[in-house]
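To keep things clear, I will list the structure first and then write my remarks on it.
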Amino acid sequence: MDALARKVMSKHGLSLEAARKHRAKQMPQRVVDPTSRLGFRRAEQGETESCEPYPLALESIGDVFLSLDSFGLGVSLYFRQLAWIFCVVFVCAMILCPSTTHNASACHHGDDTTTKPAYENAGLARGTASGCVVGDLSVGLNVAPDVAVVLVILFAALTSTFLQSTFSKRIEGNLQTPSDYSVVVANPPAHVLDPDRYRDFFAKIFGDDVVCVTVSKDNGRVLQLLARRKGYLQDLADFAEGGWDELDELDGLGEKFQPLLYGLGLLKTPAFARARLAAVEDELRVALAAGDGRKTLAAGDDWHKPQRVVVTFATEASMERTLQTFEVSAARRVFSNVTGIESAETPVDFEGTVLLVSRPVEPTEILWHNSHYARPERLLRLALSFAATAGIGGVLYAIARAFARAEATNFLFVWVTVVNAALPTTLKQVTKLIERHREFGDEQDSMFLKLTMARWFNTAVVVFVTTRRPARLGKANLESVFLILLADAFVTPLIVAFDPFDLVMRYVVAPRQPTQRAMNRFWNGAEWNIAERYTDVAKTLLVGLFWASAAPAGLLVTAAALFNVFLVDRFCLLRRWARKPDFDDQLSRRSVGVLSLIVLVHTRAAMEFFMNWGLRFDKFGAESGRPGSGDGLGDHQKHVKCFGTFFDCNAGDEELTAAQRTVNRVYPALSVIAFVVAVWNLVGTRAGVRKHLYRGFLYCFCGNTAEDDDDHMPISFRDVAEIDAYVPTVPHPLPGEVPLIAADVTGVPPGRLPLPPGVAIESHTVCSRDFLRPLLPSSFDDAKIDQVIADLFGRVKYYPKKAREDGRARNKALRESAMAAMDAARTTGPTYTRELLSKHETIAIYRGVELGNEHLLRVFPPRERKQWARFDIEAYVSFEKPGKYGDEKQDAFRILVEDDNFSSALALAAIAEGQRVRLSWLHNYVTKTETVDGRETKHSYPERPVTELVPADAPRR
């Protein structure tokens with residue numbers, strides 16, 4: 001590969017070593033920090049000082065997961081869930097070992113099996129149902145182990161949600177994100193475009209500090225055109241720098257394929273870039289057509305009104321109070337729209353509009369450039385995308401059917417493996433070309449669903465359906481299943497590790513770029529998708545469980561596949577894949593539901609195989625008679641359909657053996673249980689269901705879906721370092737480039753913009769005078785260009801602390817007008833109420849004073865580390881938990897030495913390190929109530945005061 005690349009690069013003066021150095025800087029790095037909880041932290045993008053690559057070999061399994069925790073919640077949960085599924089599958093494989101042994105020893109009939117290969121239990125089909133007859137089906141050795149596997153996986157599916165919640169709390173820690181401080185207004189008044197008016201409105205209601213207001217517009221189509229122009233201009237700059245200005249145009253096949261391959265970095269010429277740039281600029285001039293200094297709107301976008309408004313507060317508590325105040329129920333809104341009568345509980349309106357307020361997704365999940373696609377068009381495109389996926393499934397079925405008719409089952413596994421490797425790229429392009437989403441989460445959901453269904457269909461369903469019923473439990477078909485499992489275990493991980501597409505882009509496409517910078521764009525790391533990784537695991541698990549009752553040894557291969565996936569994915573994360581923003585736990589929660597659905601599919605497949613145990617190829621089975629008829633193969637029963645019914649099979653007891661009658665009684669009940677668990681987990685966890693139903697009921701009839709949360713940290717948005725504001729962006733058309741700013745961000749601090757350190761906003765924005773000037777009439781001066789910018793783009797306005805001081809007079813006037821409107825306005829001091837949640841009296845061992853982890857909080861400036869006295873709990877003297885959410889029994893407890901609620905310094909001075917003490921404390925839920933300017937406010941938080949700390953042998957008071 002190096003020789004091939006160097007041969008091309010020598011013509012262009014490019015350096016492979018420079019590209020490799022650039023790639024090494026883009027790979028995940030860690031900074032050793034002995035004072036941190038992990039002992040290190042993940043380096044920020046662009047950080048180079050004291051960095052080192054993540055080690056591939058670690059001392060313990062715990063260290064492996066701790067290193068993965070530094071990659072964020074979504075990545076860490078993926079690997080933890082993968083490890084959990086591997087352990088569960090391995091246990092299930094051990095449970096099915098007796099089934100494999102029984103099949104291998106019992107399924108031999110007749111003296112000469114070599115002449116009847118369809119009945120042979122040998123080779124890869126050793127230990128499967130191949131060669132078995134109906135009488136070989138055993139309740140204790142076939143049915144009972146399979147039932148145990150179903151119960152184990154159902155238990156794993158139910159506990160997965162608990163484990164996910166536990167690990168989520170452990171991983172997240174004290175991370176704050178922009179959505180923790182913000183609300184989104186879905187129905188902003190069409191005539192209000194000034195961020196100051198939104199700020200004044202919310203400040204008048206609450207008196208709280210508004211940090212930032214983002215007003216975005218319905219300008220997605222023009223943003224896409226501006227981004228394309230930015231890409232072509234960068235290409236022309238690269239051509240000029242690399243001396244490609246005079247490169248000849250292509251002709252023949254090159255000219256025909258150039259539009260298709262240009263975006264991949266191939267067949268790039270200055271003439272093509274200039275022609276495309278001219279076409280894009282002509283389209284933009286039409287869209288920006290102006291007369292007498294006024295803009296004429298183009299069809300498709302509606303720039304004169306805001307599309308959504310995001311208001312960011314200083315604290316999380318302010319955001320929660322806003323949701324409680326302004327969320328309006330759906331039932332009340334419909335009633336008001338129909339009758340024109342407003343309820344007394346309806347929040348105060350803003351410019352004649354009752355705002356529809358909700359919690360926003362993270363700013364990186366908003367696809368601002370798709371704002372102009374209305375819901376009907378998005379739904380239509382989604383339907384077309386799924387139809388295209390179904391069409392792909394039909395083609396796969398037809399090809400697999402052709403393999404089956406040609407009896408080329410040994411080649412079927414090769415086809416299935418190749419298709420599984422190609423499906424992610426294919427469906428990604430289908431999604432990209434057809435679908436349009438306004439949020440990245442919706443796009444991931446669509447990709448996850450299509451890819452899961454397509455891979456399931458290609459791997460399990462096609463093999464099952466295209467095989468004739470008598471041959472499904474035959475040697476050739478079960479060997480083909482084993483080959484598919486082996487390919488998933490070893491071939492697919494190798495394809496992921498080497499990533500042929502990335503190799504082609506790095507060693508074939510990249511050397512054909514005009515400059516080193518353009519070449520480096522293809523060396524940023526391989527593209528990957530966490531939805532694809534989840535579907536790969538789900539596909540492997542489905543194949544193993546689908547055929548587990550007929551090929552129980554296949555679960556061992558499935559466990560090996562999951563183990564290899566864990567190793568390869570971790571290697572690629574540390575050494576191959578491109579850096580991605582932190583993922584949330586959305587797909588992790590969905591995969592738990594998919595796991596439950598796989599169990600349901602397994603119960604139906606097990607019924608199908610058990611109820612048809614002993615069916616083989618027609619030419620050997622159709623004429624077989626009763627035992628002793630000559631071939632020694634037992635009865636040939638008619639086919640019993642189980643998949644065609646809901647939870648039962650269409651067979652009478654008189655046609656079944658004793659083992660099959662047991663199956664027909666047990667498995668319908670298991671199917672019902674699996675169906676309930678699948679629905680339960682697909683909707684959410686047990687607590688999640690209650691939460692969704694409760695919040696849905698409140699939204700319909702009350703409108704208040706905000707929740708009191710005592711876990712809110714009293715940290716201001718301004719104090720959280722490296723947290724971005726809601727800034728509209730548009731993806732850069734060139735690979736490896738950061739998104740382009742697509743709004744007026746004048747006055748926003750650079751640290752709040754979604755740009756890496758060292759990247760200048762001037763080179764990564766489409767909202768500037770210099771960028772728009774060539775598209776506007778030459779008579780436009782700076783003032784008119786600024787007016788076009790104000791008309792076309794949204795606005796992000798940041799309010800620093802000094803802005804609040806400078807506007808003190810304005811805020812004072814607002815408060816005075818509000819107080820004048822309140823006859824009963826008054827201010828009362830705070831009152832405190834305490835609810836006892838739990839009470840702890842223990843015998844503990846004092847371990848000394850240690851420093852806390854306050855410096856790890858993502859705040860600026862970093863907080864000083866406090867001193868905490870640590871106690872290991874030896875035994876409980878008494879324990880009470882009158883509150884539902886009280887602390888459970890603890891293994892350790894820490895006391896803040898500077899705590900004003902207890903004389904910690906005096907108490908600690910009386911004990912020595914290692915001494916046994918009597919330690920007692922309370923867990924209270926404190927509610928602080930006060931009235932300010934006639935408005936009563938409440939703030940709740942937990943409290944754990946120490947009530948006793950004396951040596952264990954001290955006399956009791």
Side-chain angles (χ1 to χ4, degrees), residues 27-28 30 42 53-94 152-153 156-157 159-160 163-164 166-168 170-171 417 420-421 424 448 451-452 455 459 484-499 525-526 528-545 554-577 580 583 585 587-592 594-595 598:
M27 292 297 102
R30 73 176 191 177
R42 186 172 62 154
Y54 278 82
L56 292 176
L58 295 172
E59 296 180 357
S60 66
I61 296 178
D63 291 338
V64 171
F65 290 109
L66 286 178
S67 66
L68 293 172
D69 288 348
S70 63
F71 285 84
L73 179 62
V75 171
S76 181
L77 283 179
Y78 165 71
F79 282 99
R80 290 180 183 273
Q81 193 173 79
L82 179 56
W84 169 244
I85 294 176
F86 160 74
C87 294
V88 172
V89 172
F90 183 78
V91 170
C92 293
M94 295 297 100
V152 167
I153 299 181
T159 57
S160 293
L163 294 175
Q164 177 194 339
T166 301
F167 285 120
S168 295
R170 180 182 301 179
I171 297 167
T417 302
N420 280 335
F448 177 79
L451 192 54
T452 299
R455 279 180 158 176
T459 310
I484 292 174
L485 288 172
L486 290 171
D488 274 346
F490 301 103
V491 178
T492 302
L494 286 177
I495 295 175
V496 173
F498 287 99
D499 198 342
W528 63 287
N529 192 306
I530 197 169
E532 175 191 345
R533 306 314 309 142
Y534 272 112
T535 58
D536 203 19
V537 174
K539 172 259 300 180
T540 301
L541 185 60
L542 174 72
V543 178
L545 284 176
L555 273 190
L556 275 176
V557 184
T558 301
L562 296 174
F563 182 75
N564 289 339
V565 168
F566 183 94
L567 295 180
V568 171
D569 283 6
R570 179 175 175 270
F571 169 79
C572 291
L573 179 70
L574 302 181
R575 295 292 188 270
R576 290 284 188 269
W577 288 341
K580 292 283 187 178
F583 298 104
D585 63 342
L587 288 182
S588 176
R589 288 184 277 108
R590 290 188 180 276
S591 65
V592 173
V594 170
L595 174 62
I598 291 175

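Since this is a predicted model, take the numbers as computed values, not measurements.
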If you round to the nearest 0.5 Å, how far is [atom2] of [Y] from [atom1] of [X]?
X    : Y    : atom1 : atom2 : value
L555 : L485 : CG    : CG    : 8.5 Å
L545 : I153 : CG    : CD1   : 4.0 Å
I598 : L541 : CD1   : CG    : 4.0 Å
N564 : T540 : CG    : OG1   : 10.0 Å
L82  : L77  : CG    : CG    : 12.0 Å
N420 : D488 : CG    : CG    : 6.0 Å

Measure up the Y54 and F71 rings against each other and bin them: parallel (under 30°), tilted (30 to 60°), perpendicular (over 60°).
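If you compare the ring of Y54 with that of F71, the planes turn out tilted.
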
Taking the side chain as every heavy atom from C-beta outward, state whether [X] and [Y] have any pair of such atoms under 4.5 Å apart.
X    : Y    : answer
V64  : F566 : yes
V543 : T558 : no
D499 : W528 : no
R80  : S588 : no

Check the pair W577, D569 against side-chain contact (heavy atoms from CB on, under 4.5 Å), reporting the backbone distance first and the verdict last.
CA-CA 9 Å; W577 288 341; D569 283 6; 3.8 Å; yes

Going through the distances and angles, do N529 and L451 end up as a side-chain contact (heavy atoms from CB on, under 4.5 Å)?
CA-CA 11 Å; N529 192 306; L451 192 54; over 6 Å; no

Write down the atom of [X], the atom of [Y], and the distance for their closest heavy-atom approach.
X    : Y    : result
P55  : R570 : O-NH2, 3.3 Å
V592 : Q81  : CG2-NE2, 3.5 Å
A489 : A561 : CA-CB, 3.5 Å
R576 : A497 : NE-O, 3.6 Å

Who passes salt bridge (charged side-chain N to carboxylate O under 4.0 Å, His left out) against D536, sequence neighbours left out?
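D536: salt bridge (charged side-chain N to carboxylate O under 4.0 Å, His left out) contacts with R455, R533, K539.
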
Please confirm whether the ring centroid of F65 lies under 6.0 Å from the ring centroid of F79.
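No, too far apart.
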
Can you list the residues that meet the side-chain contact (heavy atoms from CB on, under 4.5 Å) rule with F563, with sequence neighbours excluded?
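Checked F563 against side-chain contact (heavy atoms from CB on, under 4.5 Å); matches are F86, L567.
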
So L595 and W84, side-chain contact (heavy atoms from CB on, under 4.5 Å) or not? Walk me through it.
CA-CA 12 Å; L595 174 62; W84 169 244; 5.6 Å; no

